[in-house]
Amino acid sequence: MNSRFAPSPTGYLHIGGARTALFAWAWAKNQQGKFILRIEDTDLARSSKASVAAILEGMSWLGLDYDEGPYFQTEHFERYKTVISQLLNSGKAYYCECSEKRLQELRDGLMAKGEKAKYDGHCRHKNLSSGVVRFQNPAAGNVVFTDLVKGKISVNNEELDDLIIARTDGSPTYNLTVVVDDFDMKIDVVIRGDDHINNTPKQINLYQALGWKLPDFAHLPMILGADGSRLSKRHGAVSVMAYREAGFLPEALLNYLARLGWSHGDKELFSTAEIIELFELKNVNKAPASFDADKLLWLNQHYIQTAPAQHLLDELAWHLQKNQIEITNEIDIFKVIESLRKRSKTLVEMAFGLKMFYQDFTTFDENLGKKHFKNKAPLELLLAKLMVLEAWTAAEIKAIIEKVAEELSVGFGKVGQPFRLALSGDGNAGSIDLVAELLGKDKVLKRLQMALEF
RNA sequence: GUCGCCUUCGUCUAUCGGUUAGGACCCCAGGUUUUCAUCCUGGUAAGAGGAGUUCGAUUCUCCUAGGCGAUGCCA
């Protein structure tokens with residue numbers, strides 16, 4: 001059982017496309033069939049190599065691996081040409097030379113009369129031999145099909161017109177190429193966005209004219225922005241890679257996308273393997289869904305808290321490189337990750353929190369410094385006691401902080417907070433005793449000294 | 001305009017005609033806590049409107065409204 005993802009390379013891989021890919025991928029894997037990637041690049045003017053690369057990059061990051069492809073429709077032009085002449089020869093398609101102007105006037109006129117704007121078949125019996133090629137759609141009857149997510153859909157042929165299947169330059173158009181490729185690639189279920197529902201009856205007529213067996217269709221509802229309108233740039237990030245940049249884990253995005261329009265009872269958390277195992281088209285929701293950034297963030301936090309440290313490090317590496325943070329052997333990165341994971345919602349936050357362990361700083365946050373370094377006594381006492389501390393462990397360090405607080409008759413916070421600022425520079429750090437242990441005696445003493453000079 | 005699709009808490013969703021309509025995110029309250037977090041407990045909150053079928057409709061049918069999509073020599 002095969003499915004495919006067929007993006008047109010006119011931009012990056014966006015959230016909606018990624019979900020379509022995910023569902024098609026999950027379905028094929030669930031069926032133990034093939035997932036095929038096909039690039040629909042027949043619009044030469046709008047397609048670009050950069051977009052192809054961006055789409056492949058997005059899919060690769062998400063781990064949506066394909067069993068075949070990427071195929072490019074531009075490599076199938078001969079095949080399309082053959083099919084088009086077959087249609088022409090059998091009288092199921094014809095040339096049309098109507099000018100753009102005539103077509104426009106025709107549309108305007110019909111619309112003004114309150115009728116469906118469609119081609120009137122002007123050139124149908126002219127026996128022309130140049131121009132665009134139109135498919136002769138059946139004039140009457142209904143096209144009925146059972147969509148695997150939407151159910152029964154019926155469209156009257158009177159609503160459909162003779163669609164163009166080849167442009168003046170001979171190049172094929174979308175409705176023809178999908179039909180040919182889906183047939184040739186033995187696609188069992190065409191899984192795609194529901195903006196294609198209206199094309200489906202036309203394609204079904206094409207299949208029938210060609211005498212080909214129909215695939216099943218499954219049309220996925222759209223993803224809307226938080227305000228319920230079509231997802232666009234003003235809703236924030238729409239590109240998959242923008243989520244990588246924002247510090248999301250691919251499994252979090254995948255889990256989120258899976259639950260957007262699909263469900264398995266009350267289950268919220270799905271590993272990638274579980275998505276494959278449990279995915280069923282019949283559990284896909286019919287209604288469009290709004291993108292909720294808060295829930296995605298919650299999932300990301302969940303996966304940051306539970307993922308193996310090595311995996312976190314692998315994903316983190318990209319961010320560290322981007323921020324020019326270099327991990328050294330001096331401090332155990334895994335211990336640092338453990339100390340950070342509970343307080344990081346994104347990898348960006350984690351990378352940021354990691355900085356203080358591997359990069360020295362020269363200044364403290366001005367405002368916080370004024371507040372916490374005003375009274376030097378806690379830091380002086382801390383420094384004196386830590387300097388002579390032999391067993392450099394969190395427990396010992398904590399005992400010293402408590403002792404300092406006791407000697408000065410202040411609360412733990414009065415010592416801990418200045419200490420935290422001294423070590424981090426910006427006040428953002430976790431359990432201060434643990435942070436101090438990880439940082440190591442040298443750096444701790446140095447930074448305390450620096451704080452005293454503030 | 002015309003055609004198609006859709007409609008359960010603010011959001012994502014569950015519900016095989018009979019449920020106090022459940023879960024999750026968000027939000028709020030309380031608890032744990034060395035900042036910020038995490039974590040735990042509890043809470044607020046929904047069947048678009050109107051007919052019909054039925055002993056009984058969120059669930060089936062129809063109408064209306066609203067949203068989205070299509071109406072391209074884009075895909």
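- Atom-to-atom, CD of A:Glu159 to P of B:C5 comes out at 11 Å; the value is rounded to the nearest Å.
- If you find the closest nucleotide of RNA chain B to A:Ile197 and to A:Ala117, the one lying nearer the 5' end belongs to A:Ile197.
- A salt bridge is defined here as a Lys NZ or Arg NE, NH1 or NH2 lying under 4.0 Å from an Asp or Glu carboxylate O, and A:Arg102 with A:Asp120 meets this definition.
- Put simply, A:Arg259 has no side-chain N or O that comes within less than 4.0 Å of OP1 or OP2 on B:C25.
- Across all strands shown, A:Lys267 has no heavy atoms under 4.0 Å from either base or sugar-phosphate atoms.
- For A:Asn198 against B:G69, a side-chain-to-base donor-acceptor contact under 3.5 Å is present.
- Classification of A:Lys267 and A:Glu274 as a salt-bridged pair holds, one side-chain N sitting under 4.0 Å from a carboxylate O.
- When only modelled atom types and interatomic distance are considered, A:Ser263 and A:Asn283 share no side-chain donor-acceptor pair under 3.5 Å.
- The residue among A:Lys342 and A:His264 whose nearest nucleotide of RNA chain B is located toward the 5' end is A:His264.
- For A:Asp266 against B:G22, a side-chain-to-base donor-acceptor contact under 3.5 Å is present.
- Atom CD1 in A:Ile432 sits about 20 Å away from atom P in B:U38, given to the nearest Å.
- A:Lys118 has no side-chain polar atom (N or O) that falls below the 4.0 Å cut-off from OP1 or OP2 of B:U71.
- Counting any heavy atom pair closer than 4.0 Å across all strands shown, A:Gly427 reaches a base atom.
- Across all strands, A:Ser344 comes closer than 4.0 Å to no nucleic acid atom at all (heavy-atom distances).
- For A:Tyr256 and A:Phe291, the gap between ring centers is short of 6.0 Å.
- Checking B:U13, B:C68, B:A24 against every side-chain atom of A:Trp298, the shortest atom distance belongs to B:A24.
- The residue A:Ala112 sits apart from the nucleic acid: no heavy atom pair falls under 4.0 Å.
- Remark: A:Lys335 NZ is loosely packed, at most 12 non-hydrogen atoms of other residues, nucleotides or ligands lying under 6.0 Å away.
- At a threshold of 4.0 angstrom between heavy atoms, the contacts of A:Met111 include nucleobase atoms, whether or not backbone atoms are also involved.
- A:Tyr303 and A:Asn255 are linked by a side-chain donor-acceptor pair at a separation below 3.5 angstrom, with hydrogens and angles left out of the test.
- If you check residues 142-149 of chain A against RNA chain B, you find no residue with a heavy atom closer than 4.0 Å.
- A sub-4.0 Å separation between OP1 or OP2 of B:C6 and a side-chain N or O of A:Asn285 is absent.
- Nucleic acid contact for A:Arg341: none, since no nucleic acid atom lies under 4.0 Å from a heavy atom of the residue.
- In this structure, A:Lys152 atom NZ and B:C5 atom C1' are separated by 15 Å, rounded to whole Å.
- At a threshold of 4.0 angstrom between heavy atoms, the contacts of A:Glu268 include nucleobase atoms, whether or not backbone atoms are also involved.
- Among the atoms of the strands shown, only primed sugar atoms or phosphate atoms (P, OP1, OP2) are found under 4.0 Å from some heavy atom of A:Gly261.
- Residue A:Asn199 is in base contact, counting any heavy-atom pair closer than 4.0 Å across all strands shown.
- In this structure, the NZ atom of A:Lys113 is 21 Å from the P atom of B:U71, given to the nearest Å.
- Taking atom P in both B:C5 and B:C63, the straight-line distance is 12 Å, to the nearest Å.
- Around the CZ atom of A:Phe352, the shell of radius 6.0 Å holds no more than 12 heavy atoms that belong to other residues, nucleotides or ligands.
- The NE2 atom of A:His196 sits 23 Å away from the P atom of B:C3 (whole-angstrom rounding).
- Between A:Lys202 atom NZ and B:C3 atom P there is a gap of 16 Å when expressed in whole angstrom units.
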Under the side-chain contact (heavy atoms from CB on, under 4.5 Å) criterion, do A:Tyr66 and A:Arg4 qualify, and how do the steps go?
CA-CA 9 Å; A:Tyr66 32 92; A:Arg4 46 61 160 191; over 6 Å; no

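- The base of B:U35 is paired with the side chain of A:Arg343 by a donor and an acceptor separated by under 3.5 Å.
- Figure legend. B:A46 is base-paired to no nucleotide; pairs are counted as Watson-Crick or G-U wobble with both atom distances under 3.5 Å.
- Among the protein residues, A:Gln305 comes within range of the sugar-phosphate backbone only, with heavy atoms under 4.0 Å from sugar or phosphate atoms but none that close to a base.
- Base pairing annotation: B:U7 forms a Watson-Crick or G-U wobble pair with B:A65, both donor-acceptor distances under 3.5 Å.
- Remark: the separation of the C1' atoms in B:G43 and B:A37 is 23 Å, to the nearest Å.
- When Watson-Crick and G-U wobble pairs are counted only if both distances are under 3.5 Å, B:U71 pairs with B:G1.
- Other residues, nucleotides and ligands place more than 12 heavy atoms under 6.0 Å from the NZ atom of A:Lys376.
- Distances shorter than 4.0 Å separate none of the side-chain N or O atoms of A:Thr173 from OP1 or OP2 on B:C73.
- Annotation: B:U53 and B:U20 have their C1' atoms spaced 27 Å apart (nearest Å).
- Closest to the side chain of A:Val155, out of B:U34, B:G4, B:A14, is B:G4.
- OP1 or OP2 of B:G10 has not a single side-chain nitrogen or oxygen of A:Ser290 nearer than 4.0 Å.
- Per the geometry, CG belonging to A:Asn175 stands 9 Å off P belonging to B:A75, to the nearest Å.
- A salt bridge does not link A:Lys403 with A:Glu407: every distance from a Lys NZ or Arg NE/NH1/NH2 to an Asp or Glu carboxylate oxygen is 4.0 Å or more.
- With distances taken from any side-chain atom of A:Lys150 to the nucleotides B:C68, B:C5, B:C25, the minimum falls on B:C5.
- No side-chain N or O of A:Asn137 forms a donor-acceptor pair with one of A:Asp161 less than 3.5 Å apart.
- A:Glu115 comes within contact range of at least one nucleobase, with a heavy-atom separation under 4.0 Å.
- Summarising the geometry, the separation between NZ on A:Lys295 and P on B:C9 is reported as 14 Å, rounded to the nearest angstrom.
- When the nucleotides B:U7, B:U13, B:A24 are ranked by their closest atom to the side chain of A:Ala289, B:U13 comes out on top.
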